[in-house]
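Below is one structure, written out as structure tokens; the observations come after it.
Every chain is numbered from 1 and lettered A, B, ... according to where its sequence line falls, protein lines coming before strand lines. What you see below is based on every heavy atom in this structure, not just the backbone, and it leaves out hydrogens, waters and symmetry mates.
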Amino acid sequence: MPSSDSEDFESADEGHTVEKKERKKRSSSSNYSDNALENDPGFKEATSSSSANKPAEISKETDGWDDWDIDDNETLNPEIVLRTSLPKPTETSGPLKKEEDKKDTDWDDFDAWGQEIEHPNAQPSKADPQIKEVTNKMAATSTGGWGWGWSVDSILSTATAGISTITSQVSQGISTVLETGIGAPDPEELARKTSKDIESRKPLSDDSDNVEKKEKLTTQDNDHGGSTSDGAFPFGSLLSGVTKFVETTGTKVIAGGLDTLETIGKKTMEVLQDGDPGLAKKRAMLGLDPGDKPVLSQVLREAKAKAEEEDRVREEKREAKEVHYENLFDDFEGLVHLEALEMLSRQVSMRIEERMRGLEPDKRQDLKETLQQVAELCEMPEEEDDAEETPDGMSKADALHEKLQIATQDLGLKLQFQPIVKQYTEILNWLSTEDPTRTDKGVYKRGVSALAQATSLCVEIYHKAGEMLLVKARRSTADEADSMTQMTVVLTKHISELATLFTEKLNTVASENMNQVNNYITNIFLEAGNSSTYIQNAFQLTLPILQIGAV
Amino acid sequence: MVDPIFDYQFRLILIGDSTVGKSSLLKYFTDGKFAELSDPTVGVDFFARIIEVQDGTRIKLQLWDTAGQERFRSITKSYYRNSVGALLVYDVCNRSSFEHIPLWMMEAKRHIEPHRPVFALVGCKIDLVGSDNKNGARREVSCEEARMFAEENGLHHVETSAKTGLNVEQAFVLVAQEVYNRIQTGEYKVEDGWDGIKTGFNRPNGMDFNLLEAETVQSTCC
């Protein structure tokens with residue numbers, strides 16, 4: 001499919017369009033699809049080697065990830081950078097294996113790990129609230145940065161199981177890290193992997209089963225008492241320090257063999273037992289920290305359950321949405337007319353300001369006064385309480401039409417009032433038809449919809465008036481302002497008339513639940529207030545358009 | 001009225017000379033109807049319809065039908081900004097409407113900046129081009145030259161009839177699909193203060209979407 005972005009467009013060379021397109025396609029797929037990237041070993045190698053030489057660039061490239069994996073970004077590890085961007089690790093498990101051998105060269109940045117432990121709080125900044133929620137929960141339980149929290153309990157079992165089992169544990173830890181530890185992007189994927197991980201780890205040792213049980217207990221603790229996270233905090237950093245050490249060193253094991261393995265064992269125990277002989281304290285602490293894993297999966301499960309619940313509720317509320325005023329207002333194109341009017345208004349305001357800046361101070365004062373005068377002309381008159389009678393032999397809808405035309409006769413524009421008059425006619429017909437099956441809810445729904453539609457039509461009138469005023473050949477600002485003000489009065493009254501009609505109707509509909517009917521009536525009046533606000537806003541947005549005719 | 005359940009809303013704008021058939025195209029697309037006579041558009045009018053792209057994602061197309069008349073030009077240009085796609089509409093029986101297309105395209109590019117919209121070149125009134133030429137109209141823009149222009153500029157091209165409905169749907173689906181593809185690749189994303197693309201409230205959370213976004217910011221490195 002040919003791309004139409006202008007880069008392509010500008011560089012398009014008639015003679016070589018096909019070739020260019022091919023290239024464009026390819027480069028864009030390697031830009032965006034990481035699978036393609038994985039499947040292209042030459043490309044991958046080029047990327048990793050070049051980026052290894054230029055660590056600064058890597059962090060730039062991965063800026064987009066700061067919401068999720070700020071830690072990972074700072075590792076300056078190109079392999080990880082590549083891995084983080086994989087949307088579905090399962091698809092690329094083949095290439096991943098191949099990568100492992102290469103990895104050890106890049107895993108030497110031990111210092112970098114140590115530093116980044118200090119930034120666990122620099123986590124999500126602009127993330128979606130839901131993500132934030134999840135990550136915050138994560139942060140509360142694991143301060144070590146969440147991408148690495150995953151492997152914590154593998155390491156944990158390593159620690160508790162002792163040196164005898166460390167070999168298998170460490171490699172287990174490594175594969176855990178490789179598979180799940182590196183900021184896998186899809187939370188569901190993660191959740192699945194997590195549970196898989198739990199399963200796969202079960203047969204490893206009875207010790208880890210015990211730990212699991214402990215974890216579950218502490219999960220509940222974490223859920224009920226927020227204070228536990230305080231206890232976890234200092235240890236969290238320490239633990240992840242250890243974790244990362246083991247992981248980092250662990251990768252060397254694969255390449256380096258038993259010597260390194262021994263070092264790991266010693267070093268691990270050294271670190272763990274530092275100031276804590278017999279690991280008593282740490283065991284106690286670990287009891288808290290491995291809570292991480294169940295907590296995360298639980299959080300994700302909860303998030304999923306919540307989403308499902310939301311779906312269900314939404315399905316139930318779908319009908320309720322039908323009486324949602326703002327939605328209806330949007331559906332009737334009211335919102336977009338208001339938005340377009342706003343665009344016009346803003347642009348005209350800018351033009352006025354520009355003109356003002358270019359003037360001498362005394363002339364500027366004159367201009368300000370003129371603008372002020374127009375604004376005053378557009379002030380809504382005090383509510384007149386004249387009981388308006390519909391002339392004999394004229395329908396209410398026709399009366400509305402006539403009032404609108406009288407109000408706007410000096411405007412000098414041919415505004416279309418038919419839509420609003422037609423809608424009014426339909427409403428009046430509907431209200432005057434007796435229908436025994438009609439319920440209070442039915443009347444209410446129709447009422448809200450009618451208000452939203454009438455308001456949309458009103459806003460459209462302002463929008464069209466604004467557009468036509470701007471292309472009007474000869475402006476007569478005073479008349480225009482006066483007409484628009486009168487029109488606003490008529491339209492506002494029309495809205496409250498609609499509200500009255502529907503509430504009267506509601507009062508006549510038989511209902512077992514008078515409370516509900518009263519609620520409906522209140523809501524109708526509320527939405528009518530809403531409508532008036534929209535109309536007033538639209539009128540205010542027209543003001544600069546009126547003003548510019550006078551300057 | 002539009003069923004409110006959708007995943008994304010794309011704002012598309014239709015531009016082109018007066019009387020080429022922008023409003024008729026939209027009327028057919030949203031209403032399935034064709035009116036022999038219609039009033040010239042004042043400023044801008046709005047249409048909306050929900051379609052589905054290939055993977056079933058529901059897209060609400062909010063369509064801005066601009067006035068082609070010269071006198072509204074100063075107004076319509078203020079409406080370009082928030083569009084993610086632009087349909088460049090010409091009349092296959094009106095040579096000059098096609099010759100103005102580059103100007104319309106430049107205008108759109110200029111006002112939509114810094115965003116880069118998906119463009120489609122849409123020829124209208126293909127039903128008038130028949131072997132019998134009853135209406136006295138004859139084709140003034142060949143399909144080949146339009147296609148060539150489209151290829152040179154990386155546009156989709158389609159010839160339509162709002163009377164028979166030929167390719168009308170396709171014209172909009174092409175653009176919507178392309179916009180959607182660009183969202184998938186991360187070239188486009190939902191931005192505050194820009195209404196070209198919005199998420200619908202069908203989406204329970206922005207989670208997967210945000211991830212897509214985040215992951216693709218690094219895009220242009222290679």
Which atom names give the shortest non-hydrogen contact between B:Ala48 and A:Glu333, and what distance separates them?
CB-OE2, 3.7 Å

Where at least one partner belongs to residues 15-38 of chain B, residue pairs that pass ring pair (Phe, Tyr, Trp, His ring centres under 6.0 Å), sequence neighbours excluded:
B:Phe29-B:Phe172

Considering only heavy atoms from C-beta outward, does the side chain of A:Lys464 approach that of B:Asp45 to under 4.5 Å?
yes

Determine whether B:Lys60 and A:Asp330 make a side-chain contact, defined as any pair of heavy atoms from C-beta on separated by less than 4.5 Å.
yes

Atom CG of residue position B:Asp39 - does it have more than 12 heavy atoms of other residues, nucleotides or ligands inside 6.0 Å?
no

Counting only heavy atoms closer than 4.5 Å, note whether B:Arg81 contacts chain A via side chain, backbone, both or neither.
neither

Would you call the rings of B:Tyr79 and A:His463 parallel, tilted or perpendicular, where under 30° means parallel and over 60° means perpendicular?
perpendicular

Nearest heavy-atom neighbours spanning B:Val44 and A:Glu467
N-OE2, 3.1 Å

Those residues that, when tested against B:Trp194, pass ring pair (Phe, Tyr, Trp, His ring centres under 6.0 Å) (two or more places apart)
B:His115

For B:His111, enumerate each residue passing the ring pair (Phe, Tyr, Trp, His ring centres under 6.0 Å) test, keeping only those at least two apart in sequence or located in another chain.
B:Tyr80

Considering only heavy atoms, give the residues of residues 337-345 of chain A separated from chain B by less than 4.5 Å, sorted numerically, with 'none' for an empty result.
A:His337, A:Glu339, A:Ala340, A:Met343, A:Leu344

Step by step, would you call A:Val336 with B:Trp64 a side-chain contact (heavy atoms from CB on, under 4.5 Å)?
CA-CA 9 Å; A:Val336 71; B:Trp64 290 49; 3.4 Å; yes

